[in-house]
Chemist: 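One structure coming up, written as structure tokens, with questions to follow.
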Amino acid sequence: MDSDKTIIIGSDHAAFELKEKIKDYLFQKGYVVEDAGTDSQESVNYVDYGKKVAGAVADGKFKKGILLCGSGLGMSMVANRFKGVRAALCSDVFSAKMSRLHNDSNIIVLGGRIVGDILAFELVDTWLCTPFEGGRHQDRISSIDA
């Protein structure tokens, strides 16, 4: 299996519908998507799903992940507590691009109550297709991890 075409995704209840749309979109583009939950719009604790996705990325089981909650803020806070995780909350294409190009983000976080599905698809596409530039940016990431 091509690990560059494998991704883990998770959301809380507030972003469940958008998560499902993104999953379908990625399947159509040939990605293998591991769904860490949630499985409905029934109220859940977003922290549980943020930990599942961030933990899987931190452990190296997945190179990249997608997290969603109502605003994206809570999931960002949870994910960035994990060593080696660089989660970027994105609601515009420039941020999605730069989070990869300069920061080598390995989790994109979206707010299900902030971005619509068409913008979410564009953000995910941009994020997945933008390579890390390396160079001086790697020095900065190493400094963060130290």
Side-chain angles (χ1 to χ4, degrees), residues 1-16 18-38 44-146:
M1 182 181 335
D2 180 1
S3 63
D4 289 335
K5 294 289 255 181
T6 303
I7 195 160
I8 187 167
I9 190 169
S11 75
D12 70 354
H13 57 282
F16 171 74
L18 183 56
K19 176 187 68 123
E20 293 300 302
K21 290 178 182 179
I22 292 170
K23 268 179 28 184
D24 290 343
Y25 180 76
L26 290 172
F27 283 137
Q28 291 173 15
K29 295 182 79 66
Y31 283 84
V32 175
V33 181
E34 172 85 20
D35 187 344
T38 189
V44 296
N45 184 349
Y46 69 88
V47 175
D48 298 334
Y49 301 95
K51 285 181 174 181
K52 285 181 184 180
V53 171
V57 171
D59 292 342
K61 294 176 185 162
F62 292 87
K63 287 184 179 180
K64 293 182 179 172
I66 300 172
L67 280 169
L68 306 98
C69 65
S71 66
L73 293 167
M75 288 294 200
S76 295
M77 291 178 196
V78 170
N80 281 312
R81 300 290 298 235
F82 285 75
K83 184 171 177 56
V85 167
R86 292 172 305 283
L89 174 58
C90 299
S91 57
D92 63 88
V93 174
F94 182 75
S95 296
K97 178 179 179 179
M98 297 309 291
S99 79
R100 288 284 312 129
L101 195 64
H102 287 187
N103 305 113
D104 197 21
S105 63
N106 48 16
I107 295 178
I108 188 171
V109 185
L110 305 173
R113 294 179 175 154
I114 307 293
V115 298
D117 55 349
I118 301 303
L119 177 56
F121 300 155
E122 189 174 0
L123 294 172
V124 169
D125 276 342
T126 299
W127 185 75
L128 288 170
C129 294
T130 302
F132 176 50
E133 198 170 74
R136 72 182 194 276
H137 305 295
Q138 180 57 56
D139 295 340
R140 294 170 182 161
I141 290 170
S142 297
S143 183
I144 291 170
D145 290 342

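Predicted model, so just to flag it, every value in this text is computed and none were measured.
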Chemist: Given 3.5 Å as the limit, does a donor-acceptor pair link the side chain of His13 with the main chain of Val44, or not?
Modeler: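 Yes: the side chain of His13 pairs with the backbone of Val44.
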
Chemist: Between Asp4 and Lys63, is there a side-chain N and carboxylate O pair less than 4.0 Å apart?
Modeler: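 Yes, Asp4 and Lys63 are salt-bridged.
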
Chemist: List the atom of Ala54, the atom of Ala79, and the distance in Å for their closest heavy-atom pair.
Modeler: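 Looking at all heavy atoms of both residues, the closest pair is CB-CA, 3.7 Å.
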
Chemist: Is Val78 close to Tyr46 at the side-chain level, that is, under 4.5 Å between some pair of heavy atoms?
Modeler: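 They are in contact (side-chain heavy atoms under 4.5 Å apart), so the answer is yes.
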
Chemist: Work out which heavy atom in Leu123 is nearest to a heavy atom in Cys90; give both atom names and the distance.
Modeler: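 Smallest interatomic distance, heavy atoms only, reads CD1-O, 3.7 Å.
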
Chemist: For the pair Thr130 (side chain) and Thr126 (backbone), establish whether a donor and an acceptor sit closer than 3.5 Å, ignoring hydrogens and angles.
Modeler: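 Flag set: sc Thr130 to bb Thr126 pair under 3.5 Å.
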
Chemist: Got a second to check how far Ser99's OG is from Ile107's CD1, nearest 0.5 Å?
Modeler: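 Ser99 OG to Ile107 CD1: 11.5 Å, rounded to 0.5 Å.
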
Chemist: Is a donor on one side and an acceptor on the other found under 3.5 Å between the side chain of Lys19 and the backbone of Thr38?
Modeler: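 Pair found, side chain donor or acceptor close to backbone of Thr38.
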
Chemist: Answer yes or no: is there a donor N or O on one side and an acceptor on the other, between the side chain of Lys5 and the main chain of Lys29, under 3.5 Å?
Modeler: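 Yes; at least one donor-acceptor contact below 3.5 Å.
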
Chemist: Check Ile141 against Asn103 and note the closest heavy-atom contact, atom names and distance.
Modeler: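 Nearest pair, atom of Ile141 first, then Asn103: CD1-O, 3.3 Å.
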
Chemist: What heavy-atom pair brings Phe132 and His102 nearest, and what distance separates the two atoms?
Modeler: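 It is CE1-O, 3.7 Å.
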
Chemist: To the nearest 0.5 Å, what is the distance between SG on Cys69 and CG on Asn45?
Modeler: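 Answer for the SG-CG pair, Cys69 versus Asn45, is 11.0 Å.
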
Chemist: Measure the shortest side-chain to side-chain distance between Val109 and Leu73 over non-hydrogen atoms and say whether it is less than 4.5 angstrom.
Modeler: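 No. Closest side-chain heavy atoms not under 4.5 Å.
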
Chemist: For the side chain of Asp59 and the backbone of Lys61, is there at least one donor-acceptor N/O pair under 3.5 Å apart?
Modeler: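 Checking the backbone N and O of Lys61 against the side chain of Asp59, no donor-acceptor pair under 3.5 Å is found.
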
Chemist: Identify the two heavy atoms, one from His137 and one from Leu101, that lie closest to each other, and give their separation to 0.1 Å.
Modeler: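 Heavy atoms only, the tightest pair is CD2-O, 4.4 Å.
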
Chemist: Under 3.5 Å, is there a donor-acceptor pair linking the side chains of Ser95 and Asp92?
Modeler: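 Asp92 and Ser95 do have a side-chain donor-acceptor pair below 3.5 Å.
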
Chemist: Got a second to check how far Asn80's CG is from Ile144's CD1, nearest 0.5 Å?
Modeler: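 CD1 of Ile144 is found 9.5 Å from CG of Asn80.
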
Chemist: What's the separation between atom NZ in Lys51 and atom CG in Leu67, rounded to the nearest 0.5 Å?
Modeler: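 Going from NZ on Lys51 over to CG on Leu67, the span is 13.0 Å.
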
Chemist: Decide yes or no for Val33 and Ile66: does some side-chain heavy atom of the first lie under 4.5 Å from some side-chain heavy atom of the second?
Modeler: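 Heavy-atom side-chain distance check fails, nothing below 4.5 Å.
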
Chemist: In this structure, are over 12 heavy atoms from other groups packed under 6.0 Å from Lys23 atom NZ?
Modeler: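 Yes - once you tally the heavy atoms of other residues, nucleotides and ligands closer than 6.0 Å, there are more than 12.
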
Chemist: Please name the pair of heavy atoms, one in Ile108 and one in Trp127, separated by the smallest distance, quoted to 0.1 Å.
Modeler: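 So the minimum-distance heavy-atom pair works out to N-CZ2, 3.4 Å.
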
Chemist: For Arg86, does its backbone N or O pair with a side-chain atom of Asn106 as donor and acceptor, under 3.5 Å?
Modeler: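 Side chain of Asn106 to backbone of Arg86, a donor-acceptor pair under 3.5 Å: yes, one is there.
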
Chemist: Answer yes when Arg100 and Asp104 have at least one side-chain N-carboxylate O distance shorter than 4.0 Å, and no when they do not.
Modeler: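 Here Arg100 pairs with Asp104 in a salt bridge, since their nearest N and O are under 4.0 Å apart.
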
Chemist: Please report the interatomic distance CG(Leu68) to OH(Tyr49), rounded to the nearest 0.5 Å.
Modeler: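 Answer rounded to 0.5 Å: 13.5 Å.
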
Chemist: Quick one: does Leu128's side chain get under 4.5 Å of Lys64's, heavy atoms only?
Modeler: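 The answer is yes, as the side chains (C-beta and beyond) meet within the 4.5 Å cut-off.
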
Chemist: Rounded to the nearest 0.5 Å, what separates atom OG in Ser11 from atom CD1 in Ile22?
Modeler: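 One finds 9.0 Å between OG of Ser11 and CD1 of Ile22.
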
Chemist: Just by distance, no angles: are the side chains of Tyr25 and Asp117 close enough, under 3.5 Å, to form a donor-acceptor pair?
Modeler: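 There is no such pair between these side chains.
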
Chemist: Is there a side-chain contact between Asp35 and Glu20, using heavy atoms and a 4.5 Å cut-off?
Modeler: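 The answer is yes, as the side chains (C-beta and beyond) meet within the 4.5 Å cut-off.
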
Chemist: Using side-chain heavy atoms (C-beta onward) and a distance below 4.5 Å, is Ile114 in contact with Leu110?
Modeler: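 They are not in contact (no side-chain heavy atoms under 4.5 Å apart), so the answer is no.
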
Chemist: Given 3.5 Å as the limit, does a donor-acceptor pair link the side chain of Asp12 with the main chain of Ala14, or not?
Modeler: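 Yes; judged by distance alone, with no hydrogens or angles, the pair exists.
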
